[in-house]
Amino acid sequence: MRIIAIIVAVLAVILGLALYGPGSIAAMRLELEPTQDALLARMGEVTEPLREERTDLHGAEDVEPGPDGNLYTSLADGRIMMRTPQGAWLDVANTGGRPLGLAFGPEGDLFVADALRGLLRWDGQDWEVWLADRSEGGPLVFTDDLTVLEDGRIILTDASLRHGYGDHMMSFLEADQTGRILSVTAPGEYSVLAEGLAFINGVDHDPETGTVYVNETWAGRIWTLNPDSGAMSVLVDGLPGYPDNLDFDPASGLIWSALPSLRSAELDALHGKPLLKRLVWRLLQINGLPDLPDRPPLAVAVTPQSEVRHIVQGPVSPADGVTGVTVWNDELWMSGLDRDGFTIFAIPNSAGPGDG
């Protein structure tokens, strides 16, 4: 009897170390809506891109039309670049960090969500730090994306309070739900609109209604947000991929969302079983990560009434997935955090929900 008790005690210690010992994963429970069957049925059609452009530029995380008619992008080397409608590419500035989201204020000021430095404003000569990264003594951990409202308020996403830039895969495996949305009114002045979100990411707004749209990446959903009250409601759930950056197109009234990867049913299932995921993590530490889902260029367009109007899916390639999408000059531009150049598609003309 004593031997059995000793064996049970040893096994309990081994299990405890496996679940909670050094190197364990801080798994969280995340209940997910499965991918909508109607969306899965529309995933078979592959659209060929019109062209690739500037494959010598790496890591264009965001693509943002400017008030001057030019297109702006943020690169892995810290540069902000501008493309003119005539095709010229010009350097604008360099943040000295890792710029992600870009947005222009009502006065034409350029604001940048820099994952290494924080929330920045370009004054034409230098960068003004509005909210600093924690490495510089500020409140931000994973400064991700932003949009600037007509009254000058900045709606900013801080994707995770546990994992900074470069550690997003661990955030995904944990089902990390520490992301928050901030309202920034001036340098150093902010309030928290929402928190406890599973990697809150791309954000944009409708300038006519003031409604804010925001992506919750690990949850596979898009939210609407009231920037005055912080109230949120689900716009669409059960997307076929993990939504990243988001762009509101005023001309069509559509919300475009880039999906850098198709969803993994196996990993999604583990999010509801945190203890099992802790054990699986130990196997992954030995055997390495499993093959990830395909990462074709992929974006969806959603109406403010929650209808997925378009799905644009390019051919699968060895390249990383796209994290940015925007409509510019009657074309659909896609780019990625760890991808070379830009992939440009024709904008779908069809209006029916079954048209890709």
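Positions are given from 1 along the sequence. This one's a predicted model, so the numbers in the text were calculated from it and none came from an experiment.
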Using only heavy-atom distances, determine whether the side chains of [X] and [Y] contain a donor-acceptor pair under 3.5 Å.
X: Thr343; Y: Glu52; result: yes
X: Thr157; Y: Asp144; result: no
X: Thr217; Y: Asn201; result: yes
X: Asn245; Y: Thr323; result: no
X: Ser257; Y: Asn215; result: yes
X: Thr224; Y: Thr211; result: no

Heavy-atom pair with the smallest gap, counting every atom of [X] and [Y]:
X: Val141; Y: Asp133; answer: O-OD1, 3.6 Å
X: Gly238; Y: Leu39; answer: O-CD1, 3.7 Å
X: Ile347; Y: Val327; answer: CD1-CG1, 3.5 Å
X: Arg221; Y: Pro243; answer: O-CG, 3.8 Å
X: Pro227; Y: Ile155; answer: CB-CD1, 4.1 Å
X: Asp176; Y: Trp218; answer: O-CD1, 3.7 Å

query: Can we call the ring centroids of Trp256 and Phe248 under 6.0 Å apart?
result: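 They do not qualify: ring centres at least 6.0 Å apart.
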
query: Can the ring centroids of His163 and Phe172 be said to lie less than 6.0 angstrom from one another?
result: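 Not close enough - the centres of the two rings lie 6.0 Å or further apart.
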
Tell me whether [X] contacts the main-chain N or O of [Y] through its side chain, where contact means a donor paired with an acceptor under 3.5 Å.
X: Thr143; Y: Ala115; answer: no
X: Thr73; Y: Asp62; answer: yes
X: Gln177; Y: Leu197; answer: no
X: Arg29; Y: His271; answer: no
X: Thr178; Y: Leu161; answer: yes
X: Asp294; Y: Pro296; answer: no

Just so I know, are the side chains of [X] and [Y] near enough to count as touching, which here means a heavy-atom distance under 4.5 Å?
X: Arg134; Y: Leu140; value: no
X: Val214; Y: Ile181; value: yes
X: Leu116; Y: Ser135; value: no
X: Trp130; Y: Leu120; value: no
X: Asp244; Y: Tyr242; value: no
X: Leu182; Y: Leu131; value: yes
X: Thr303; Y: Leu254; value: yes
X: Asp268; Y: Glu33; value: no

message: Give me each pair satisfying side-chain hydrogen bond (donor to acceptor under 3.5 Å, both in side chains) with a member in residues 103-121, each pair once, sequence neighbours excluded.
response: Thr95-Asp114, Asp109-Arg121, Arg121-Glu128

So how far is it from [X] [atom1] to [Y] [atom2], rounded to the nearest 0.5 Å?
X: Arg263; Y: Leu32; atom1: CZ; atom2: CG; value: 5.5 Å
X: Leu246; Y: Ile222; atom1: CG; atom2: CD1; value: 6.0 Å
X: Glu150; Y: Asp206; atom1: CD; atom2: CG; value: 9.0 Å
X: His58; Y: Leu337; atom1: NE2; atom2: CG; value: 7.5 Å
X: Leu235; Y: Trp223; atom1: CG; atom2: CH2; value: 11.0 Å

message: If you apply the rule salt bridge (charged side-chain N to carboxylate O under 4.0 Å, His left out), what do you find for Arg180 with Asp158, and how did you get there?
response: CA-CA 5 Å; Arg180 57 183 181 164; Asp158 196 6; 3.1 Å; yes

query: Could you go step by step and tell me if Asp68 and Met82 meet the side chain to side chain contact (heavy atoms under 4.5 Å, CB included) rule?
result: CA-CA 11 Å; Asp68 55 5; Met82 177 188 81; 4.2 Å; yes

task: Start with the C-alpha gap between Leu239 and Gln36, add the side-chain angles, then the distance that decides, and say whether side chain to side chain contact (heavy atoms under 4.5 Å, CB included) holds.
output: CA-CA 7 Å; Leu239 291 172; Gln36 296 182 32; 5.7 Å; no

message: Tell me whether the count of non-hydrogen atoms from other residues, nucleotides or ligands lying under 6.0 Å of CG in Asp91 goes above 12.
response: yes

field: Exceeds 12 heavy-atom contacts within 6.0 angstrom, atom CG of Asp123
entry: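 Atom CG in Asp123 is crowded, with more than 12 foreign heavy atoms closer than 6.0 Å.
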
Qualifying residue, where the test is side-chain contact (heavy atoms from CB on, under 4.5 Å) with Met81 and the options are Leu57, Val92, Asn94: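 Looking at Leu57, Val92, Asn94, the match for Met81 under the side-chain contact (heavy atoms from CB on, under 4.5 Å) is Leu57.
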
task: Report the C-alpha distance between Val312 and Met334 in whole Å, list the side-chain angles of each, state the deciding distance to 0.1 Å, and finish with yes or no for side chain to side chain contact (heavy atoms under 4.5 Å, CB included).
output: CA-CA 10 Å; Val312 177; Met334 298 190 199; 3.9 Å; yes

- prompt: Charged N to carboxylate O below 4.0 Å: is that the case for Arg295 and Asp338?
  reply: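 Salt bridge flag = no for Asp338 with Arg295.
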
N-O pairing of Glu331 and Arg51 below 4.0 Å: yes

task: Run the numbers on Phe345 and Trp328 for ring pair (Phe, Tyr, Trp, His ring centres under 6.0 Å), then give the verdict.
output: CA-CA 11 Å; Phe345 292 86; Trp328 185 66; over 10 Å; no

query: side chain to side chain contact (heavy atoms under 4.5 Å, CB included) between Val316 and Val46: does it pass, once the steps are laid out?
result: CA-CA 9 Å; Val316 174; Val46 173; over 6 Å; no

field: Listed partners of Asp167 passing salt bridge (charged side-chain N to carboxylate O under 4.0 Å, His left out), at least two apart
entry: none

message: Evaluate Glu53 against Arg83 for salt bridge (charged side-chain N to carboxylate O under 4.0 Å, His left out), listing each step before the verdict.
response: CA-CA 11 Å; Glu53 186 167 323; Arg83 185 197 189 274; 2.5 Å; yes

task: Mind running side chain to side chain donor-acceptor pair (under 3.5 Å) on Asp204 and Thr147 for me, showing each step along the way?
output: CA-CA 5 Å; Asp204 204 354; Thr147 188; 3.2 Å; yes

